[in-house]
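Before any comments, here is the structure.
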2 protein chains.
Amino acid sequence: MNATQDPHQRHEVKVDLIAVVAAVIGNRPCALTIQQGRALPSGPFELGHRSLQAGLRDWVEQQTGHRLGYIEQLYTFADRDRLADELTRAISISYLGLTHDERREGQAPRDWRSWYDYFPWEDHRDGAPEIVESLILPRLAAWAEEVEGEPREDRCQRAAIAFGLDGRSWNEELVLQRYELLYEAGLVEEALRKRGEDATAPIPGRSMIADHRRILATGIARLRTKIKYRPVVFELMPPVFTLLQLQQAVEALSGRLVHKQNFRRLIEQQELVEETGETSSETGGRPAKLFRFRPAVLMERTAAGTKLPVIRA
Amino acid sequence: MNATQDPHQRHEVKVDLIAVVAAVIGNRPCALTIQQGRALPSGPFELGHRSLQAGLRDWVEQQTGHRLGYIEQLYTFADRDRLADELTRAISISYLGLTHDERREGQAPRDWRSWYDYFPWEDHRDGAPEIVESLILPRLAAWAEEVEGEPREDRCQRAAIAFGLDGRSWNEELVLQRYELLYEAGLVEEALRKRGEDATAPIPGRSMIADHRRILATGIARLRTKIKYRPVVFELMPPVFTLLQLQQAVEALSGRLVHKQNFRRLIEQQELVEETGETSSETGGRPAKLFRFRPAVLMERTAAGTKLPVIRA
DNA sequence: CTCCGTTATGCTCCTAATGAGCATATGGTA
DNA sequence: TACCATATGCTCATTAGGAGCATAACGGAG
């Protein structure tokens with residue numbers, strides 16, 4: 001079928017809104033889920049919705065009781081697989097939401113799940129997870145061996161980049177590339193679904209319906225990247241916090257440990273926070289100063305650019 | 001109307017694909033247009049399209065004869081204004097395409113237009129354009145004066161950030177913020193359209209149909225940002241080029257001048273290019289070495305992350 | 001009450017990345 | 001041949017980033 005064949009036929013397109021809502025709960029980076037963790041909050045875009053964002057907020061609130069604050073658009077998907085039926089295409093518009101979960105009394109508990117239940121290979125806070133070395137790499141290697149010549153090189157190189165092999169270092173931002181590599185290699189449950197293969201068992205890591213896990217990976221990747229050049233962590237923090245709490249939130253999200261003193265220096269030189277004057281002695285050692293986010297910075301930061309060797313005026 | 005009112009009614013959604021295709025032509029950053037520069041290439045997403053990207057490529061090729069290379073998704077819009085009729089919502093999925101225009105014999109010329117025809121305030125290569133000081137800032141100031149108290153402060157601050165006032169420096173990435181500010185202030189033709197106001201004349205800068213100019217601004221902003229941390233300029237360059245040509249492409253895109261020696265140092269240390277061995281004496285002075293992009297880098301670069309004070313293993 | 005374990009903070013040292021320019025090389029041209 | 005114009009090489013000062021030592025301050029265990 002060609003695009004020009006019947007230009008005036010109006011095709012129905014079903015548009016879904018889908019949310020990756022992130023929060024940090026006790027050093028665990030979490031996503032808001034429904035259906036016992038098997039799906040992300042989502043629903044169709046409808047006439048009643050004032051905007052895409054408004055529709056998304058409605059669905060999330062309706063399905064989880066959670067009211068979203070900061071959200072940003074992630075990506076719009078429309079795969080062949082997402083064909084609803086022969087005459088209707090399905091499109092998903094995904095959003096990333098950042099929240100600080102304040103569980104109030106009398107509210108139904110939300111179904112927050114750790115990212116690392118779905119992507120156990122992504123948490124490098126205690127060093128590289130054991131399953132990478134013992135399971136993932138061997139099976140990726142085997143997958144590369146399946147083909148010859150150039151394609152094999154290609155598979156090897158992709159694996160090496162994604163998992164930081166051959167002297168390369170681990171890059172926590174490549175969440176999506178890793179998931180897609182594992183998908184292609186048939187190592188995750190979602191990939192095994194359509195091939196009727198009874199063959200191999202998937203590697204550890206919880207699966208989700210449809211392509212929700214891929215969308216979650218997209219959200220995680222975006223957040224891990226963005227956290228480095230925009231002050232978005234604050235959307236995930238309580239109004240008042242210690243620098244250690246801030247650091248641990250960053251560590252949870254990025255899945256790696258951070259040099260404490262240098263992290264503080266970074267935060268301070270950027271003037272993102274100010275002391276409240278209070279301290280907290282809940283951490284066991286010397287009481288820590290409490291900080292709050294400097295609101296003025298919020299607006300300015302939106303504007304912070306990166307570097308080019310420009311000539312100053 | 002409420003989203004839950006008739007959950008089973010299937011709403012038609014019309015999905016449009018729209019392209020911001022960029023190229024650098026003789027030191028001018030250009031976008032591919034149709035309708036004498038009044039619109040961006042676009043068309044409906046149809047059943048015959050294998051994917052969103054494929055659909056987009058089809059439309060661009062059909063409308064402009066240009067075959068796209070590198071493309072990436074930009075943003076998905078669905079505003080109230082984009083309502084096609086009472087029962088149909090319209091959504092636009094926009095893409096950014098990067099190309100090097102090689103005009104071959106016998107091909108219809110493409111309608112490339114300089115970005116700065118549409119956004120004359122964005123080209124700071126020869127210093128801040130005169131219209132900023134003489135026209136834009138006064139009218140923005142007047143617009144801020146329209147309101148009292150907090151909102152006024154807000155308008156002032158937004159203008160100051162967007163245009164680098166009060167000691168702030170110009171940030172070339174804020175293309176979209178600037179356009180939206182001018183839109184809100186009623187200084188661009190698109191904003192004046194719906195208000196039946198005969199009132200004020202818009203500031204200089206060519207307008208486009210619907211929200212195409214806003215989408216163009218989104219694409220420019222994305223490219224100006226991305227050029228700084230991913231080797232995407234190369235998509236816009238001929239296969240072989242001098243460092244000055246590369247520099248001038250960057251300057252055209254970013255709209256500002258770059259320190260020549262430091263720019264070279266940057267390029268060389270990143271090992272993005274390699275000498276071809278040839279030189280070019282077309283520049284008037286000492287012949288320049290010719291370079292080509294190192295293909296190996298392409299793949300690796302996709303993976304290049306940014307900084308966090310992580311602890312090394 | 002003192003010693004310890006623990007976390008908070010302050011600072012130093014070194015190296016790499018950046019911002020600015022000066023100096024030299026090498027064509028074409030008057 | 002002198003000069004103009006662009007290409008390249010290098011230096012110097014400053015800032016940002018990576019590592020780790022040293023000191024401070026609080027709760028608890030002898």
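Lettering of chains follows the sequences in order, A, B, ..., and the numbering in each one begins at 1.
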Whole-Å distance separating the [atom1] atom of [X] from the [atom2] atom of [N]:
X: B:Arg264; N: D:dG9; atom1: CZ; atom2: C1'; result: 10 Å
X: A:Glu271; N: D:dA16; atom1: CD; atom2: P; result: 12 Å
X: B:Leu257; N: C:dA20; atom1: CG; atom2: P; result: 13 Å
X: B:Leu243; N: D:dA5; atom1: CG; atom2: C1'; result: 17 Å
X: A:Asn27; N: C:dT7; atom1: CG; atom2: C1'; result: 14 Å
X: A:Leu290; N: D:dC26; atom1: CG; atom2: P; result: 14 Å
X: B:Gln269; N: C:dT15; atom1: CD; atom2: P; result: 18 Å
X: A:Arg256; N: D:dG18; atom1: CZ; atom2: P; result: 11 Å

- May I ask you to verify whether the side chain of A:His259 and the base of D:dG20 hold a donor-acceptor pair under 3.5 Å?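 Result: at least one qualifying N/O pair found.
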Check your understanding: Do B:Arg265 side-chain and D:dG9 base share a donor-acceptor contact under 3.5 Å?
Key ->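 Under the 3.5 Å cut-off, the side chain and the base do not form any donor-acceptor pair.
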Charged N to carboxylate O below 4.0 Å: is that the case for [X] and [Y]?
X: B:Arg256; Y: B:Glu251; value: no
X: B:Arg224; Y: B:Glu122; value: yes
X: A:Glu275; Y: A:Arg292; value: no
X: A:Glu278; Y: A:Lys289; value: no

Closest-nucleotide mapping onto DNA chain C: is A:Lys289 or A:Asn262 further toward the 5' terminus? I mean the 5' end.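 Its nearest nucleotide lies further toward 5', so the answer is A:Lys289.
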Given B:Phe119, which partner from the list B:Trp115, B:Tyr116, B:Trp121 fulfils the ring pair (Phe, Tyr, Trp, His ring centres under 6.0 Å) test?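 The residue from B:Trp115, B:Tyr116, B:Trp121 that satisfies ring pair (Phe, Tyr, Trp, His ring centres under 6.0 Å) with B:Phe119 turns out to be B:Trp121.
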Open item on the list: Mind checking if B:Lys260 touches a base, just sugar-phosphate, or nothing, with heavy atoms under 4.0 Å?
Closed with: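 Answer is base: heavy atoms of B:Lys260 come under 4.0 Å of a base.
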Looking at every strand, decide which applies to B:Leu244 at a 4.0 Å heavy-atom threshold: base, sugar-phosphate, or nothing.
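Sugar-phosphate only.
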Protein heavy-atom contacts under 4.0 Å, written 5' to 3' over nucleotides 23-29 of chain C as B (base), S (sugar-phosphate only) or - (none), form the string --BBBS-
- A:Glu235 and A:Tyr70: side-chain donor and acceptor closer than 3.5 Å?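 Note: A:Glu235 and A:Tyr70 side chains miss the donor-acceptor criterion.
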Side-chain donor-acceptor contact under 3.5 Å, B:Gln261 with B:His259
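The answer is yes; a qualifying pair exists.
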Ignoring backbone atoms, establish whether A:Gln247 has a side-chain N or O less than 4.0 Å from OP1 or OP2 of C:dA8.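 Checking A:Gln247 against C:dA8: no side-chain N or O falls below 4.0 Å of OP1 or OP2.
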